[in-house]
Amino acid sequence: MKLSLKRLFGRSMTGGPDLAETPSPPSPRSAARRTALVSLALVLAIVGALAGGYYFAMRPVMLRIAVGPVNSDDVKVVQTLTQAFAQNKSYVRLRPIPTDGATASANLLAEGKVDLAIVRGDLDVPKNAQAVATLRKNVVVLWSVSGKGKKKGAKITKIAQLAGHRVGVVGRTQANVNLLKVILQQYGVDPAKVEIVQFPANEVAEAIKAQKADVYLAAGPVNSKITADAISASVREGGTPTFLAIDSADAIAQNHPVYEASEIPAGTYGGSPDRPDDEVKTISFSHHVVARKGVSETTIAAFTRQLFAVRQQLVTEFPLAAKIETPDTDKDAVIPVHPGAAAFVDGEEKTFLDKYSDYIWWSLMALSAMGSIGAWFAGYLKKDERDNNSHLRERLLDMIAAARKSDTSEELDQMQAEADDILRDTLRCFDHGAIEEGALTAFNIALDQFHAAVADRKALLISLPQTPPRAGAQFRAAGNA
């Protein structure tokens, strides 16, 4: 600032020449400097808010995933993914919630108690479930075992021959029983005429040895160890398993969209000769990773990206990970895809700035508008103080003319005292930010003119012969105006 506040104080003539030599009071803080400091503080606050928002937006998210039953392949896959995400310090982490099976997992998702779940595609999928990935595809394997001794009977080679026979279903889930009934109904076999018994996976070999069923059904991945062990048990008991083809697989898939027509390649279950010795037609269904509808699109997109990023890393130590596939993104898909997973599959995943840039922009605009409104309001609050100071400055200009016409030194001293009061009020207004530096400069020019007028008039009065003083009515009238 070119204007010297010391000079303004030093020009006071009321206290005599020594007053100019006294130490000047501290300079009032500039309004411009305060504005700069406030602006800097506001910028730092905005930067801090943005940094804090980015931190909270990007901190790890924990998703609860329901999976079961215990010790199943699905549980092993989820546990492997959980460890991989934790080791890679990924944005999304998993917390497995063990259940009794796919039905229990689906119920937890429907109740909103978990964020993700592993469900079977041929079961009732919750209405709030949206597909994220296909964990694996399962094929249905039907095979008959020739009886021995008294139980030896006609060899079963077709599904249509199952009426009046006993079918053993591997696994305790009711879903496999329902699956068998769908197949029987397609071939016109009344399920009520077929005796259906279920065996836990670890009891199948004993059941085959005891000839507790004529035909067995297993559902799992093509390379399922449970299915392979059950077929091997059939061979060890001296029988030759006969694989029953589901030739109507296409029709079943047409009538029940949750199923697909599939094939079991020749030699899938080893042996010599190959088991089976030729390709067998069958049906398949999928296990899906589904997400609750309310889970953030950004979170699910990140989870899907992580899932397929670690899949290749896990194949060598956990081959089942290779079965993970992207979900069906068609609008008529059996399970609608989650928008986050669809964004990843379609390459439309949004970054942090893509998603929040509009919010950041409008926030900055709002802050700018609020700053302008605040500055206007602050100026409005100082309007009276600014108007009063403007009147005092006009009074100082009037005093210049009055000083040039004054007849006595006493009148000049009174005007000087009034000028000192105006100076103090002006500096106080400047300190409060009511007037700008330009107004203070204009006041300094007027004050210089006043001091010059007073000095000139006093010099003139001293040089004139002493005369009776005139009444200063004119000055006082001007002062009271």
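Residue indices begin at 1 and follow the sequence shown. Atom set for the values below is all heavy atoms of this structure, side chains included, hydrogens, waters and symmetry mates excluded.
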Give the C-alpha distance, both sets of side-chain angles, the deciding distance and a yes or no for side chain to side chain contact (heavy atoms under 4.5 Å, CB included) between Thr268 and Val280.
CA-CA 10 Å; Thr268 296; Val280 178; over 6 Å; no

Using atom types as modelled and distance alone, determine if a side-chain donor or acceptor of Thr134 lies under 3.5 Å from a backbone N or O of Arg136.
no

How many angstroms lie between CG in Asn178 and CG in Asp122, if you round to the nearest 0.5 Å?
8.0 Å

Backbone N or O of Thr173 within a donor-acceptor pair of the Gln198 side chain at under 3.5 Å?
yes

Thr157 and Thr242 side chains, donor-acceptor separation under 3.5 Å:
no

Counting neighbours of CG on Asp124 that are heavy atoms of other residues, nucleotides or ligands and sit closer than 6.0 Å, is the number greater than 12?
no

What's the spacing between Glu263 CD and Asp278 CG if we round to 0.5 Å?
11.0 Å

Go through the steps to decide whether Leu179 and Tyr259 satisfy the test side chain to side chain contact (heavy atoms under 4.5 Å, CB included), and finish with yes or no.
CA-CA 10 Å; Leu179 174 58; Tyr259 299 115; 3.4 Å; yes

In this structure, CD1 of Ile264 is separated from CD1 of Ile246 (nearest 0.5 Å) by 7.5 Å

Please examine the side chains of Val215 and Leu217, heavy atoms only from C-beta on, and report whether any two atoms are closer than 4.5 Å.
no

State which residues pass side chain to side chain contact (heavy atoms under 4.5 Å, CB included) with Ala228; sequence neighbours excluded, sorted by chain then number.
Tyr269

Contact between Ile300 and Leu116 at the side-chain level, heavy atoms closer than 4.5 Å - yes or no?
yes

For residues Lys181 and Ile196, determine if any side-chain heavy atom of one lies less than 4.5 Å from a side-chain heavy atom of the other.
yes

Looking at every heavy atom in both Ile324 and Arg311, which two are closest together, and how far apart are they?
O-NH1, 2.5 Å

Taking atom CE as the centre, does Met62 end up with more than 12 heavy-atom neighbours from other residues, nucleotides or ligands that are less than 6.0 angstrom away?
yes

Partners meeting side chain to side chain donor-acceptor pair (under 3.5 Å) with Asp328 (sequence neighbours left out):
none

Under-4.0 Å salt bridge between Asp214 and Arg166
no

Taking all atoms of both residues into account, what is the closest heavy-atom pair of Pro126 and Ala110, and its distance?
CB-CB, 3.8 Å

Ala291 versus His338, closest heavy-atom pair with distance:
CB-CD2, 4.0 Å

Which pair of non-hydrogen atoms, one from Tyr187 and one from Ser248, has the smallest distance, and what is that distance?
OH-N, 3.0 Å

Heavy-atom closest contact (Val170 atom, Ala201 atom, distance)
CG1-CA, 4.2 Å

Walk me through it: do Leu63 and Ile65 pass the test side chain to side chain contact (heavy atoms under 4.5 Å, CB included)?
CA-CA 6 Å; Leu63 295 181; Ile65 179 169; over 6 Å; no

Can you find a heavy atom in the side chain of Val204 that is under 4.5 Å from one in the side chain of Asp229?
no

State, yes or no, whether a side-chain contact exists between Val345 and Pro327 at a heavy-atom distance under 4.5 Å.
yes

Return the CD1 to CZ distance between Ile252 and Phe285, rounded to the nearest 0.5 Å.
13.0 Å

Nearest 0.5 Å, what's the OG1-CZ distance between Thr426 and Arg424?
11.5 Å

So which pairs with a foot in residues 123-143 pass ring-ring contact (aromatic ring centres under 6.0 Å, His included), sequence neighbours left out?
Trp143-Tyr216

Side-chain donor/acceptor of Gln306 to backbone N/O of Tyr91, under 3.5 Å
yes

Listed by chain and number, what are the side chain to side chain contact (heavy atoms under 4.5 Å, CB included) partners of Ser363, not counting sequence neighbours?
none

Kindly write out the residues that satisfy side chain to side chain contact (heavy atoms under 4.5 Å, CB included) with Glu260, not counting sequence neighbours, or none if the list is empty.
Lys137, Ser284

Ile335: which residues meet the side chain to side chain contact (heavy atoms under 4.5 Å, CB included) condition with it, sequence neighbours left out?
Val125, Ala131, His288, Val290

Walk me through it: do Phe199 and Lys212 pass the test side chain to side chain contact (heavy atoms under 4.5 Å, CB included)?
CA-CA 10 Å; Phe199 307 108; Lys212 291 185 177 181; 3.8 Å; yes

Would you check if Phe243 and Ile231 make a side-chain contact, meaning some heavy-atom pair closer than 4.5 Å?
yes

Taking Thr227 for its side chain and Asn223 for its backbone only, find out whether a donor-acceptor pair lies under 3.5 Å.
no

CG of Asp190: more than 12 outside heavy atoms within 6.0 angstrom?
yes

If you count every heavy atom of other residues, nucleotides or ligands that lies below 6.0 Å from Asn88 atom CG, does the total exceed 12?
yes

Looking at CD of Gln186 and CG of Asn255, how far apart are the two atoms once the value is rounded to the nearest 0.5 Å?
5.5 Å

Please say which of Arg120, Lys323, His287 ends up in a side-chain hydrogen bond (donor to acceptor under 3.5 Å, both in side chains) with Asn138.
His287

How close do Ala245 and Ile159 get, counting heavy atoms only, and between which atoms?
O-CD1, 3.7 Å

If you draw a 6.0 Å radius around CD1 in Ile226, do more than 12 non-hydrogen atoms from other residues or ligands fall strictly inside?
no

Using modelled atom types only, decide if a donor and an acceptor are shared between the side chain of Asn128 and the backbone of Leu109 within a distance under 3.5 Å.
yes

Can you confirm whether Val182 sits close enough to Ile283 that some side-chain heavy atom of one is under 4.5 Å from a side-chain heavy atom of the other?
no

Is Lys281 salt-bridged to Asp250, cutoff N-O under 4.0 Å?
yes

Student check: side-chain heavy atoms of Ser105 and Thr99 closer than 4.5 Å
yes

Side-chain (Asp330) to main-chain (Asp332) donor-acceptor, under 3.5 angstrom:
no

Atom CD of Glu279: over 12 foreign heavy atoms under 6.0 Å
yes

